[in-house]
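Note on naming: letters A, B, ... go to the chains in the order of the sequence lines (proteins, then strands), and numbering restarts at 1 for each one. This one's a predicted model, so the numbers in the text were calculated from it and none came from an experiment.
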Amino acid sequence: MIDFKSSVGELLANAIKELDFDEIVKNVEVPKNTEMGDFAFPCFKLASIYKKSPNMIAKEIVEKIEGNENFEEIIVAGPYINFKINKNILSKMIIEEVLDKKERFGSSKTGEGKNVIVEYSSVNIAKPFHMGHIRSTMIGYSLYKIYKFIGYNTTGINHLGDYGTQFGKLIVAYKLWGNEKAIELNPIPELLKIYVKFHEEAEKDPELDNQARVWFTKLEGKDEEATKLWTWFKKVSLKEFERVYEMLGVHFDSFAGESFYSDMMPDLLNEMREKNIMSDDDGAEIVKLEEYDMPNALITKSDGSSLYITRDLTAAKYRKNEYDFYKNIYVVGSQQNLHFKQWIKIIDLMGYDWAYDCVHVGFGMVALEEGSLSTRSGRVIFLEDVLNKAVEKTKDIINEKNPDLENKDEIARQVGVGSVVFQELSNNRIKDYTFSWEETLSFEGETGPYVQYSHARACSVLRNANVKLENIDYSLLNDKYSFDLIREISKFNGVIEKAAIKYEPSLVTRYITHLAQLFNRFYHENPILVGDMELRKSRVALVNAFKHVVKNGLSLIALEAPEKM
RNA sequence: GCGUCUGUAGCUCAGUGGAUAGAGCAAUCGCCUCCUAAGCGAUAGGUCGAAGGUUCAACUCCUUUCAGAUGCGCCA
C-alpha cells in the first residue's frame, strides 16, 4: 500500500530544507477541483522565510524536486505546487484491494483490543415510538456499525425508560380504567390512552398523584402486584418496539434500562457523600458546580428520592466496571448538553480518570411544520406509519417501473425504510429539522433509493458481464470519469475513520452519495459491455469495485443493498 | 438574565484558514432502436445574517450585534 500523501511529503522534504517532514505533510492539501491535481502544496508560508514571492518559491522548489513514479505530473500553478497521481499505480492498487477484501474493504484495525459502548434509541416503555426517536436510534446504530467496522469491540445498549413515577401513574390508571384485552391487542395506544386520562383526572383530583407515588414506592419495594403489572407493560411495549427495530434492521446487545440500575443507586449516593462532593440545600442534596461555570446539579430531592442524573452516574460506573470502556458514547438530543456536562464533571470530581471517556453525542430536534413534537397536543407522527408509507410508495414505483421484479415486498421494505433512514443520516446531526412527508417520500437526487439504484445498476451490469477478472490492463481506466470514481473509492477508509472520530454518520452518507454520482456519470459516459474484451474487463473490474464499496457504505448507515430494484 | 447550538442559492443542505463558495430539490431546455430514465447533461440562481478585528489569505478564527432553536433544583 502506497501512501501518496507521505510520498508528496518526502519529495518536498528533500527539496525544502527549512521545514521538516511532519510540518510539510500538515500543509499538504487536496485541491477542491480535481483538475488541478490530487495534492497541492501552498507556498505562502515560505514567503517570510525566503523573502520571496510564493510564486517564485513554488517555481524554485519544483525545479529541485526529483520526482518519482508515484506522480505523473508535478506542476506549478501560481503559488501552489500541484501533484498528479500516477493513475495506473493507484487504479491497480485500489481495485485489486477492493476485489480482494470485498465486504471488508474500508475496515481497519484502528480499534483492536478497545471496547466501545454506544447507547442509543432509549425509548420509553408505554409511550409511542415516534418520529423523534429515529434520530438517536439510527445515529447510534450507525456509529455502532462504524466502530465495529474499524475494529473496536462494540456494545450497543438500549437504555430503556422503564422506571420512575410514571409507572406508578400507569398502574393506578390501569387499575381504574384499564382493559387487559385491549392492551394485549393494541398496547401502546391503549396504555397511552389511560396515561393521558390519568393526567386529565389528576388535575381535578390530586389524590391520584399520591396514589401513583405509593404505587411506585411499592414497585421499588418489589411488591408482587406492582412488579407483575410493570413487567407486563414492559413486555407488551417491547414487543411493539421490536417490530419497528426489525423493520429498521437495528440491533442491540443489551436492553439494560433505568430499572436495571435502580438497586445500585444508593451505593453511588453514599460514595458521593463519603467523597464530600455533595452539600445539603434545604433538605435536598446538590453538587456545587459554580466554579466550573455550570449551574449546581440537584442529586436528591428533599424527600430523599433520587433523580435522573443519578441513573447516568450509576450506569457510567457500572459500565466502566463491566466493560472497561475506551469510550462510552451517549447518543442523546442536544437539549441534554448541560445534563451531560454536569454528570461527567461529577464523575471527574469523584476522582475517576475515565470521566472524559464518556462522550455525549448530541443532535438537533425534529419538529413538524405545525410546531414541535408533542404527544399531548396530538402533534405526533408514529415512526412505523412513516416507514409503512415509504414502503407502500416504493411498492407503487416498483409496480410501475419493474412489475416483474421478484421478491417485491422485501425489496420495497429495503428501499422504503432505507429512504427514511438515509434522510435521517444525511445532514450533520447537530441540525434541527422539520419533518415533511414530501421530502421523506422523495426518491430522486441525493436519496437512499438513488444510491441503492446505482448499486442495483452495477449489479445488473455484472450479471451480464461474462468476463474473467484477470490480467487487467488498468491503463485503460485513465479517462476522467473512470479515474474520478477510482480516486473516490480510495478515500473510503479515511471517511469512515473520520466519521468515527467526529461521531458523524452523515460523512458516510454523503460519501456514498457522491460515489454514486461519480458512478452514474461513468456509467453514462463509458459503455461497459463493449466488444473490446480488454476494455470490457477493466471497466467491469471498476464496476465490481464500486459495487463492493457502495454496499459496504450503505451497510454502515444500516441500509441494505438490493441487487435488483 | 445567563449558557449552548444554528444562520451559505427560492427550498433542503455540503464546505480541512488557501485557487473560480458546491450538491440535490424546485424552474427552463435537452437525452431512452443503446449495460435498469429511481438515471445523465445544459441554463439560471450567492453581499456566505450584519458590523468590526486578526492574517500574506476568512464562509472558516476572535469581538460585538441581529434572528431562530434549546437549556438553566426537586420531570426524564
Does the separation of the ring centres of [X] and [Y] fall below 6.0 angstrom?
X      : Y      : value
A:F167 : A:F233 : no
A:Y163 : A:F216 : yes
A:Y330 : A:H159 : no
A:F260 : A:Y318 : yes

Could you give the distance separating [M] and [N] at their [atom1] atoms, to the nearest angstrom?
N     : M     : atom1 : result
B:A14 : B:A23 : C1'   : 7 Å
B:G39 : B:U4  : C1'   : 43 Å
B:G17 : B:C75 : C1'   : 45 Å
B:C2  : B:A21 : C1'   : 36 Å
B:G7  : B:A50 : C1'   : 11 Å

request  = Confirm from the modelled atom types if A:N33 and B:A21 form a donor-acceptor pair under 3.5 Å, side chain to base only.
outcome  = no
Which whole-number value in Å describes the distance from [X] [atom1] to [N] [atom2]?
X      : N     : atom1 : atom2 : result
A:K480 : B:G41 : NZ    : P     : 11 Å
A:K408 : B:U36 : NZ    : P     : 19 Å
A:R463 : B:U36 : CZ    : C1'   : 9 Å

task = Evaluate the side-chain proximity of A:N526 to A:R521: yes if any heavy-atom separation is below 4.5 Å, no if none is.
result = no
Contact class for [X] vs. all strands (heavy atom < 4.0 Å): base, sugar-phosphate, or nothing?
X      : value
A:R311 : nothing
A:V415 : base
A:E35  : nothing
A:A367 : nothing
A:V30  : base
A:D396 : nothing
A:N466 : nothing
A:P79  : nothing

Run the salt-bridge test on [X] and [Y] with the 4.0 Å N-O cut-off and return the result as yes or no.
X      : Y      : value
A:K537 : A:E534 : yes
A:K52  : A:E60  : yes
A:D484 : A:R487 : yes

request  = For A:R213 and A:G168, indicate whether the former's side chain and the latter's backbone hold a donor-acceptor pair under 3.5 Å.
outcome  = no
Output the single nucleotide from [options] whose closest atom is nearest the side chain of [X].
X      : options             : value
A:N427 : B:G15, B:A19, B:U12 : B:U12
A:K564 : B:U36, B:C35, B:A23 : B:U36
A:E444 : B:C25, B:C40, B:A19 : B:C25

In the strands shown, is [N] matched to any nucleotide by a Watson-Crick or G-U wobble pair with both distances under 3.5 Å, and which?
N     : result
B:U65 : B:G49
B:G17 : none
B:A23 : B:U12
B:U54 : none
B:C2  : B:G71
B:G39 : B:C31

query = Hey, what's the ring geometry for A:F522 with A:F519, parallel, tilted or perpendicular (30° and 60° as the breaks)?
reply = tilted
request  = Tell me, please, whether A:Y292 has A:K345 positioned over its six-membered ring: NZ or CZ under 6.0 Å from the ring centre and within 45 degrees of its axis?
outcome  = yes
Listed pairs, N/O of protein and of nucleotides 1-8 of chain B, under 3.5 Å:
from, atom 1, to, atom 2, distance (Å)
B:G7, OP1, A:K431, NZ, 3.1

Heteroatom pairs (N/O) under 3.5 angstrom, protein to nucleotides 68-76 of chain B:
from, atom 1, to, atom 2, distance (Å)
B:A69, O2', A:D432, OD2, 2.9
B:C74, O2, A:S302, N, 2.7
B:C74, O2, A:S302, OG, 3.3
B:C74, N3, A:S302, OG, 3.3
B:C75, OP2, A:K301, NZ, 2.8
B:A76, OP2, A:Y308, N, 3.4
B:A76, O3', A:E258, OE1, 3.0
B:A76, O3', A:E258, OE2, 3.1

inquiry  = By the rule that syn is within 90° of 0, classify the base conformation of B:G73 as syn or anti.
reply    = syn
message = For B:C13, does the O4'-C1'-N9-C4 or O4'-C1'-N1-C2 angle fall within 90° of 0, making it syn, or is it anti?
response = anti
inquiry  = For A:I381 and A:H130: C-alpha separation, side-chain torsions, deciding distance, then whether side-chain contact (heavy atoms from CB on, under 4.5 Å) applies.
reply    = CA-CA 6 Å; A:I381 292 188; A:H130 60 73; 5.9 Å; no
message = Just checking A:K551: does its NZ atom have more than 12 heavy atoms from other residues, nucleotides or ligands closer to it than 6.0 angstrom?
response = no
message = Generate the contact string for nucleotides 54-63 of chain B. Rules: B means base contact, S means sugar-phosphate contact only, - means no protein heavy atom under 4.0 Å.
response = --B-------
